[in-house]
Amino acid sequence: DALHPEAEIITTHDDRIDGPFCRSRAVNRGAEMASGDVLVIADADIAVRHGQMAAGLERLDAGAPWVLPYRRMAHLTGSWTQEVLAASPWFDLPDRVHADAVRFQSTASVCGLVMIRRDDYRAIGGNDERFMSWGHEDVAFAMKADTLLGEVHRIDGDVIHLYHDLRADRKTDTHARANRDLGRQYERAAGDPEAMTTLVRQALA
């Protein structure tokens with residue numbers, strides 16, 4: 001609210017009673033609740049430098065199909081995460097987070113902070129709710145958006161992922177295995193609009 005008073009901020013969740021949390025459903029619910037022309041889909045464990053989302057909006061206005069407002073995702077250590085959480089919301093992250101604060105990094109990440117026109121998000125079916133719990137849904141969405149809308153545009157700068165505990169079985173339980181299998185279908189359809197459209201129809205059936 002402090003940094004973006006003009007934004008409509010929606011905190012959403014999966015509204016189902018039974019079964020595991022479904023991030024895809026939670027994001028889709030938020031998109032349906034939103035009234036603006038542009039969606040900024042932000043995970044709660046992500047922080048971004050001032051100005052990068054404004055640059056992302058400019059890129060969308062210039063015709064970009066969808067935007068990731070960062071080049072590198074820097075995963076912070078636990079101690080640096082505590083420092084960031086204790087800081088003022090006006091604290092400006094450096095353009096590149098210092099190596100001592102980073103557990104690991106990725107320049108291939110397509111998750112955490114996504115900017116896309118609301119109509120385009122709906123047109124490609126949003127997030128596939130067949131992905132249960134967490135895992136693979138963000139990569140699948142990126143492949144779908146690249147295939148059906150056009151290649152993503154990235155904004156220079158870091159986004160940081162705040163440290164938190166992870167479930168030990170997050171990559172091996174039943175839902176993780178099913179997500180991996182569904183993710184492979186998206187991998188095979190990537191770059192093929194007809195095959196990707198078939199997956200969208202199956203997800204919405």
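Everything numeric in this text was worked out from a predicted model, so none of it was measured. Only this structure's heavy atoms are used, side chains among them; waters, hydrogens and symmetry mates stay out.
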Participant: How long is the straight-line distance from CG of Leu60 back to CG of Leu39, given to the nearest 0.5 Å?
Facilitator: 10.0 Å
Participant: So does Asn127 get a backbone contact from the side chain of Ser24, meaning a donor-acceptor N/O pair under 3.5 Å?
Facilitator: no
Participant: So how far is it from Glu32 CD to Arg122 CZ, rounded to the nearest 0.5 Å?
Facilitator: 4.5 Å
Participant: Dump the intermediate steps for side-chain hydrogen bond (donor to acceptor under 3.5 Å, both in side chains) on Asp45 and Tyr163, then the final yes or no.
Facilitator: CA-CA 8 Å; Asp45 55 7; Tyr163 177 84; over 6 Å; no
Participant: Can a donor-acceptor pair be found, under 3.5 Å and without considering hydrogens, that links the side chain of Thr12 to the backbone of Ala26?
Facilitator: yes
Participant: Applying a strict under-4.5 Å side-chain criterion to I, L, V, M, F, W and Y, I'd like to know whether Met115 and Ile10 cluster together.
Facilitator: no
Participant: Measure the shortest side-chain to side-chain distance between Thr77 and Glu83 over non-hydrogen atoms and say whether it is less than 4.5 angstrom.
Facilitator: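 SC-SC contact between Thr77 and Glu83 ruled out.
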Participant: Any side-chain heavy atom of Leu113 within less than 4.5 Å of one from Met53?
Facilitator: yes
Participant: Supply the atom-to-atom distance Leu199 CG to Tyr186 OH, rounded to the nearest 0.5 angstrom.
Facilitator: 5.0 Å
Participant: Taking all heavy atoms of Val102 and all of Ala74, pick out the closest pair and write down the distance.
Facilitator: CG2-CB, 3.9 Å
Participant: Hey, does the side chain of Arg103 reach the backbone of Leu76 with a donor-acceptor pair shorter than 3.5 angstrom?
Facilitator: yes
Participant: Looking only at non-hydrogen atoms, find the nearest pair between Pro65 and Ile116 and report the distance.
Facilitator: O-CG1, 4.2 Å
Participant: Determine yes or no for a side-chain-to-main-chain donor-acceptor pair under 3.5 angstrom, with Tyr70 supplying the side chain and Gln52 the backbone.
Facilitator: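 No.
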Participant: Using modelled atom types only, decide if a donor and an acceptor are shared between the side chain of Lys144 and the backbone of Gly126 within a distance under 3.5 Å.
Facilitator: yes
Participant: Does a side-chain N-to-carboxylate-O contact under 4.0 Å join Arg23 and Asp138?
Facilitator: no
Participant: Nearest 0.5 Å, what's the CZ-CG distance between Phe141 and Asp146?
Facilitator: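 Spacing of CZ (Phe141) from CG (Asp146) equals 10.0 Å.
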Participant: So, do Met143 and Val139 sit near enough that their side-chain heavy atoms are less than 4.5 Å apart?
Facilitator: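 Yes, close enough: below the 4.5 Å cut-off.
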Participant: Measure across His164 and Leu162 and return the closest heavy-atom pair with its distance rounded to 0.1 Å.
Facilitator: CD2-O, 3.3 Å
Participant: When you compare the side chain of Ile46 with that of His161, does any pair of heavy atoms fall below 4.5 Å?
Facilitator: yes
Participant: How about Gln202: does its CD atom have over 12 heavy atoms from other parts shown lying under 6.0 Å from it?
Facilitator: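 Counting neighbours around CD of Gln202, more than 12 heavy atoms of other residues, nucleotides or ligands fall under 6.0 Å, so yes.
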Participant: How long is the gap from CD1 on Ile124 to CG on Leu149, to the nearest 0.5 Å?
Facilitator: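 Answer rounded to 0.5 Å: 4.5 Å.
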Participant: Look at the aromatic rings of Phe104 and His75 and report parallel, tilted or perpendicular, splitting at 30° and 60°.
Facilitator: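 Rings of Phe104 and His75: parallel, under 30°.
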Participant: When you group the ILVMFWY residues by side-chain heavy-atom contacts below 4.5 Å and let the links chain together, are Leu85 and Ile160 in the same group?
Facilitator: yes
Participant: Which distance, rounded to the nearest 0.5 Å, do you find between the CD of Glu58 and the NE2 of His153?
Facilitator: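 Taking CD in Glu58 and NE2 in His153, the distance rounds to 14.0 Å.
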Participant: Without swapping roles, check the side chain of Asn179 against the backbone of Met132 for a donor-acceptor pair under 3.5 Å.
Facilitator: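 Yes, Asn179 side chain to Met132 backbone: donor-acceptor pair under 3.5 Å.
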Participant: Output, in order, the C-alpha distance, side-chain angles, deciding distance and verdict of side chain to side chain contact (heavy atoms under 4.5 Å, CB included) for Ile41 and Tyr121.
Facilitator: CA-CA 11 Å; Ile41 303 168; Tyr121 182 86; 3.7 Å; yes
Participant: Assess whether side chain to side chain contact (heavy atoms under 4.5 Å, CB included) is satisfied between Thr11 and Met33, documenting all intermediate values.
Facilitator: CA-CA 10 Å; Thr11 302; Met33 296 163 65; over 6 Å; no
Participant: One pair to check against salt bridge (Lys or Arg N to Asp or Glu O under 4.0 Å): Arg117 and Asp119. What are the steps and the verdict?
Facilitator: CA-CA 6 Å; Arg117 297 175 190 86; Asp119 288 347; over 6 Å; no
Participant: For Asp181, does the CG atom have more than 12 heavy-atom neighbours from other residues, nucleotides or ligands under 6.0 Å away?
Facilitator: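 Yes.
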Participant: Can you give me the closest heavy-atom contact between Gly36 and Glu8, atom names plus distance?
Facilitator: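 Here Gly36 and Glu8 meet closest at N-OE1, 3.7 Å.
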Participant: Could you check whether any side-chain N or O of Glu137 sits under 3.5 Å from a backbone N or O of Gly135, counting only pairs where one atom can act as donor and the other as acceptor?
Facilitator: yes
Participant: Give a yes or no on whether the backbone of Val97 and the side-chain of Asp158 come within a donor-acceptor separation of less than 3.5 Å.
Facilitator: yes
Participant: Can any side-chain N or O of Ser106 pair as donor or acceptor with the backbone N or O of Ala108 at less than 3.5 Å?
Facilitator: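 At least one qualifying donor-acceptor pair exists.
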Participant: Main chain of Ile155, side chain of Arg59: is a donor-acceptor contact present, judged purely on distance under 3.5 Å?
Facilitator: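 Judged by distance alone, no pair lies under 3.5 Å.
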